[in-house]
Amino acid sequence: MALGDLMTSRFSQLSLAVSNHVMDGNGSNGDYLEDAASADMASQRRDFDTASTSSYANAVASTATVPTTMAYLPQTIVLCELRHAAFEASTPTGPSDSGLVSKWRPKDRMKTGCVALVLCLNISVDPPDVIKISPCARMECWIDPFSMAPQKALETIGKNLRDQYERWQPKARCKVELDPTVDEVKKLCNTCRRYAKSERVLFHYNGHGVPKPTANGEIWLFNKSYTQYIPLPISDLDSWLRTPSIYVFDCSAAGMIVNAFIELLDSGTSSYPGSARDCILLAACEAHETLPQSAEFPADVFTSCLTTPIKMALRWFCTRSLLHESLDCSLIDKIPGRQNDRKTLLGELNWIFTAVTDTIAWNVLPHELFRRLFRQDLLVASLFRNFLLAERIMRSANCSPVSYPMLPPTHQHHMWDAWDMAAEICLSQLPALVEDPNAEFQPSPFFTEQLTAFEVWLDHGSEHKKPPEQLPIVLQVLLSQCHRFRALVLLGRFLDMGPWAVDLSCQVDLVKDGGHVYFIRFLNSVEAYPEQRAMAAFVLAVIVDGHRRGQEACIEAGLIHVCLKHLHSSMQNDVQTEPLFLQWLCLCLGKLWEDFTEAQIIGLQADAPAICAPLLSEPQPEVRASAVFALATLLDIGFDSFRDGVGGDEECDDDEKTRAEIIVIIKSLLNIVSDGSPLVRAEVAVALARFAFGHKQHLKSIAAAYWKPQSNSLLSSLPSLANINGTGSGNIVSSQIGPLIRVGNDNSSVVRDGRVSTSSPLATAGVMHGSPLSDDSCQHSDSGILNDGIGNGVIRHSRSKPLDNAMYSQCVPAMCTLAKDPSPRIATLGRRVLSIIGIEQVTKSVKSAGSSSARPGEPTTSSTTPSFAGLARSSSWFDMNGGHLPLTFRTPPVSPPRQNFLTGMRRVCSLEFRPHLMNSPDSGLADPLLGSSSGVSERSLLPQSTIYNFSCGHFSKPLLTASDDSEELLAIREERERFALERIAKCQHSSVSKLNNNSQIASWDTRFETGTRTALLQPFSPIVIAADESERIRVWNYEEATLLNGFDNHDFPEKGISKLCLLNELDESLLLVASGDGNIRIWKDYTVRGKQKLVTAFSSIQGHKPGVRSLSAVVDWQQQSGYLYASGEISSVMLWDLDKEQLINSIPSSSDCSVSALASSQVHAGQFAAGFVDGSVRLYDVRAPDMLVCATRPHTQQVERVVGIGFQPGLDQGKIVSASQAGDIQFLDIRNQRDTYLTIDAHRGSLTALAVHRHAPIIASGSAKQLIKVFSLEGEQLGIIRYQHTFMAQKIGSVSCLTFHPYQVLLAAGAADACVSIYADDNSQTR
């Protein structure tokens, strides 16, 4: 159950706590009950546009009476999605080329194409160095060689051995040589290598009829007349078979050969020295050991284990189990069934054996070795599984098989016990099955038990512990219909514990097997659930991500039209489409179009821009960002380059259509440059970078004219640039850029199918000032108009035909808006976009390391983000160093450098420099924003999209179970709700006693040099937060008198902080910081020293009145609706939905004057009041048709600005308190649209602050004349504060801000002398 659902279910339990108090505490009459019912259920919904719109009165009357708990304890929670976890810190990394599973996928699958079998048995003649016991092991390939004529026996054994190998690798070509000579073996090896080509060759040597190998690593063969043993050096064998190869040596002292082979490799005399060798060796015993001669074993026990493991394992086990007395071992040869049929006894045994040996190997071997031996080559995997059996059986005979690469011991692994038990259960049925072929076979409980063991691990394990050893068995069981469902459920639980297996490296396999067709068909199925179809779109996006063959196959299957059809239909339907489905449709299209011209043409011809553009207004930021990504991929770099040299009317028509579509895309993107979500703006910046690169010449011309220096600016007196030209530099770049597919740093893994995926996680990300991206080889005149020069082939290839200048003129300011974005990450992207069109930012860090604002003992946690001020073309007069050092001049400046930021734009010669020249001390150009090396392709220098890899994370998080911390969060929420309800009741019913000088309970010297601008009291902990004009924020515990944290809101403050608000105060609260310029930044973990993180940032005010230099932004937050209201020196109030991170309305203020104070109702969602600089007050309700409920002008004695405004406590919808700078406080009841019913002349011409308590009948006003007055709602003065409560009774400073605790009668006052004091009435004092 979601957290919100759990909260809703508790309303009935909590509602009675306050409701009666509310009715009594407000002095309500029957009129109140009729006219202003408590907040309705509809007001808690996200979208108020569906509420009644007949009139404001109807909107009020239609509210249903519900428990008042909903009004006082809002259930809305915002900004807690995955995208808010660490946007600023995140980098475009994804799981596609990294992660555990992708490394496990074998990229170099191989098969054994040829098998060479060499048998040196010389039947009836024992070698001279062997003394046999009696009775002695005689069986070779389960044939007794003395049961028939020697030659016939030899041929039969050879045939059997070939048949045994062919069962493991049916398609391999087997060649047998019986008692051969050296020449015959040489011919065999050369023939096998020639036939196998680059595939693996297996060489099997049985040396039971010849002497042991020599210490030099020679094996023995025969001469033609069989009168002599002829040695064959292993080096000769290696030179004939070459690589890749696998050797099986079944003879005594076989370890000698392995040792010699290792020496051969180490000495470097091998045909393929070093890492080029791919040779595997399996040997029957150590160098000093002799093969077992006991009659209980076959003579070729090693070969029997490798080629007939079930038969060998059962015969060996049968002699050691309790069944040996009751079971005839000859019945083992009559086990019914086939090895590849799991429903038969033989098939079941084979399946269990495979599962056991695979599990042992997976748990014991190093991962890389397991992958090489057990997942690369089917025959090699089979031989090594069987080799584990050989080790177990032969060690029981004091013989130790060896291998190269060497394996750790496995013969005592406890999984062998599971095999023994399964074998015993199966063998116990064997007599009955042999006797009655129709008898029913009872499957082994082996797999059921292993699944249970896996389930036990899931109950007690975690992603931090070693993975469960049964995992390979669970994966095998997926092939069994009877176990599949349980295995899938358990596997799902396992994957939910961590990002174990999001493997995006399966593209080739899926396309090769036609898997994409299935997923396209599923995507097109209207019967499937939207979330399932979203998963299908995800798989298809993975298939086409950077994979040209996948893109081509999906285009052939009509994927573009399928995706566009569903996007189009979702826009037509009134029913809300699953956002995840829309998101992945867009991402799938984007990956399909990415760097693939043919696909882009199909998309443009299918009106894709017109279909995708409406998605840019979807409520989910992830959908909007994905739509931007899809549109951006259609802005191909040099979009018309694929039609070079093509003429004709039809092509011209296509050109015009393409140009029109590009204009549609750009216009759509420009509309959301100031979107509320950084996730969206980041994609817009990447899209504009892509566009700017294709149209940089035209954009440069516009930019140069747009920022023509003004006559009064510092820059106008700089020397003329007209006489500086690019002679000698025009051809420098061509050698540095290289073809578009080349990537620097030798990072070949980024190049897929001969191209770079521009949103690949590993694509090189870096744009350099003065780089090939920023300027072509050209000159420009003093007027700033750039003339195209002769560029190299790459530049010419990517040059696009121009759009109209009006479009370019809109793009350049939009790019600058991004460069000044309040999110550091977006601002960095924006600066890189500007660098592409030759504009760079002049840097100056106001807050240097030695700033006097940092006091001793205070945490120094200011951000290290570069401070970028005005924009300027790169120049040789300025030297800046990454934004961290103050601006310095190479020649004497025209005027002294100012402390504030240089805001002018300047132009400079358009030279192209080698990347390494830019770092030289004499170049005068800015250092690169991000380091780069020569040879990096132009395309790879563009900023990279991150939305695809971010979205892939959805499938890495737990899907089956809710997170464990939800119950803990719910418990915290319940505790806070109870606390709040108790305190609200006390506030409403207790009479407020005096607040005066003696009421001070804490005082804090914030050490702000410019005084305290605004303050905020935390509701559930003794913490006060204060901020100053320099946007420095400090957090203080007033009970313990300790500073908890201090940090800069951002690095180049100009306007100060206008408001601090708490978001989600009943849950894990976030700190909203509103700057004077309208920029909003929201922080989490702000009370922990140095741990604060920026959750999101955006500009809340868009557009301002002509001639206005300062926005003087005022904002307020409304938790019930999730709305942020913002205004200032503009003619409207901006309404932001922080859940959608979207501007949902711009409400006309209906006044020529600017808004100077804003207050939102904390109990009535969608209702807010605004005070204006002319003293007027207006009440708005976003549910009303015209939104303006009424307007009045209470401050008439002196026309002064409204300094503070607030809703009176309680559930009244129209009772407002307004205070003007003249000093008068007016009480209004706008419901009755009459004049003020109470006026208090609190201060004479010096009122600076007003605070209205959320629940208690009390207000406070502050004055520049160093006093604070406290009043009741009836106008009674409850107290006056003039002095600090100290021994010396020092006067308080000029009051700059006042704020009440939301649930207690606590007042925090900030003053111009940087002191913050906290006052409590007698009932609330804790000290």
Side-chain angles (χ1 to χ4, degrees), residues 18 21-22 24-28 68 71-74 979-996 999-1001 1014-1020 1022 1024 1059-1062 1065 1116-1120 1157-1164 1168-1169 1203-1213 1215-1219 1225-1228 1238 1240 1242 1247 1249-1262 1268-1281 1295 1297-1310 1317-1326:
V18 183
H21 300 311
V22 172
D24 299 337
N26 281 283
S28 305
T68 55
Y72 287 133
L73 303 178
F979 174 88
L981 292 173
E982 289 171 8
R983 296 307 174 100
I984 289 171
K986 286 183 180 178
C987 285
Q988 292 170 342
H989 291 284
S990 301
S991 59
V992 178
S993 58
K994 303 294 184 182
L995 272 174
N996 51 38
S999 304
Q1000 181 177 314
I1001 62 169
T1014 183
L1016 179 69
L1017 284 166
Q1018 277 239 5
F1020 303 109
V1024 61
K1059 183 87 174 201
L1060 296 174
C1061 300
L1062 276 188
E1065 67 177 30
D1116 202 17
W1117 162 246
Q1118 191 174 61
Q1119 187 73 44
Q1120 282 85 348
L1158 263 182
S1160 61
S1161 171
Q1162 294 305 310
V1163 291
H1164 298 295
F1168 67 97
V1203 172
I1205 193 168
F1207 285 83
Q1208 294 184 30
L1211 296 178
D1212 260 334
Q1213 295 210 24
K1215 287 192 171 181
I1216 292 173
V1217 180
S1218 174
I1225 302 174
Q1226 305 290 346
F1227 291 72
L1228 301 94
L1238 177 64
I1240 302 174
L1247 193 145
L1250 174 75
V1252 182
H1253 199 285
R1254 194 185 296 180
H1255 301 290
I1258 182 173
I1259 66 170
S1261 61
I1268 299 168
K1269 291 183 179 180
V1270 183
F1271 302 93
S1272 71
L1273 295 184
E1274 285 74 36
E1276 177 191 357
Q1277 183 170 308
L1278 300 177
I1280 186 166
I1281 300 168
V1295 179
C1297 61
L1298 292 171
T1299 183
F1300 277 111
H1301 189 285
Y1303 306 119
Q1304 298 181 55
V1305 183
L1306 289 178
L1307 175 67
S1317 301
I1318 299 173
Y1319 305 90
D1321 77 333
D1322 297 337
N1323 300 325
S1324 299
Q1325 283 200 30
T1326 57

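Ser1160 contributes a side-chain N or O that, together with a main-chain N or O of Trp1117, makes up a donor-acceptor pair within less than 3.5 Å. A donor-acceptor pair under 3.5 Å is absent between the side-chain atoms of Gln1277 and the main chain of Ala1242, judged by distance alone. Listed for the Gln1118 side chain is a donor-acceptor partner under 3.5 Å among the backbone atoms of Ser1161.
In this view, Ser1218 and His1195 satisfy the side-chain hydrogen bond (donor to acceptor under 3.5 Å, both in side chains) rule, not counting sequence neighbours. Applying the side-chain hydrogen bond (donor to acceptor under 3.5 Å, both in side chains) test to Gln1018 and every residue at least two apart in sequence or in another chain returns Ser1021, Tyr1086. Residues forming a side-chain hydrogen bond (donor to acceptor under 3.5 Å, both in side chains) with Thr1014 (at least two apart in sequence, or on another chain): none. Under the ring pair (Phe, Tyr, Trp, His ring centres under 6.0 Å) criterion, Phe1168 pairs with Tyr1125, Tyr1180, sequence neighbours left out. Applying the side chain to side chain contact (heavy atoms under 4.5 Å, CB included) test to Ala1169 and every residue at least two apart in sequence or in another chain returns Leu1179, Ile1205, Phe1207, Ile1216. Remark: Lys1059 pairs with Asp1116 by the salt bridge (Lys or Arg N to Asp or Glu O under 4.0 Å) rule, at least two apart or across chains. The salt bridge (Lys or Arg N to Asp or Glu O under 4.0 Å) test applied to Arg983 returns no partner, not counting sequence neighbours. Checked against ring pair (Phe, Tyr, Trp, His ring centres under 6.0 Å), His1255 has the following partners two or more places apart in sequence or in another chain: Tyr72, Tyr1303.
Of all the heavy atoms in Ile1268 and Ala1309, the pair that sits closest is CD1-CB, 3.5 Å. Of all heavy-atom pairs between Val1163 and Gly1210, the closest is CG2-O, 3.5 Å. Listed here is the closest heavy atom pair of Thr1299 and Ala1015: CG2-O, 3.5 Å. Nearest heavy-atom pair, Pro1019 versus Pro1302, reported as atom, atom and distance to 0.1 Å: CB-CG, 3.6 Å. The shortest non-hydrogen separation linking Cys1297 to Ala1249 is CA-CB, 4.0 Å. When every heavy atom of Gly1275 is checked against every heavy atom of Leu1238, the shortest pair comes out as N-CD2, 3.6 Å.
Residue Ile1318 holds its CD1 atom at 9.5 Å from CG of Leu1307, rounded to the nearest 0.5 Å. Between the CD1 atom of Ile1259 and the NZ atom of Lys1269 there is a distance of 11.5 Å, given to the nearest 0.5 Å. In this structure, CG in Leu995 is found 11.5 Å from CD in Gln1000, a value given to the nearest 0.5 Å. With values rounded to the nearest 0.5 angstrom, Phe1227 atom CZ is found 8.5 Å from Glu1274 atom CD. Atom NE2 of His989 and atom CD1 of Ile984 lie 11.0 Å apart (nearest 0.5 Å). Rounding to the nearest 0.5 Å places CG of Asp1212 at 7.0 Å from NE2 of His1164.
At a threshold of 4.5 Å between non-hydrogen side-chain atoms, the residues Val1270 and Tyr1319 do not count as touching. The closest side-chain heavy-atom distance from Leu1306 to Ile1001 is below 4.5 Å. Side-chain contact check for Leu1250 versus Leu1298: every heavy-atom pair is 4.5 Å or farther apart. A heavy-atom distance below 4.5 Å is found between the side chains of Phe1271 and Ser1261. Pro1209 places none of its side-chain heavy atoms less than 4.5 Å from the side chain of His1253.
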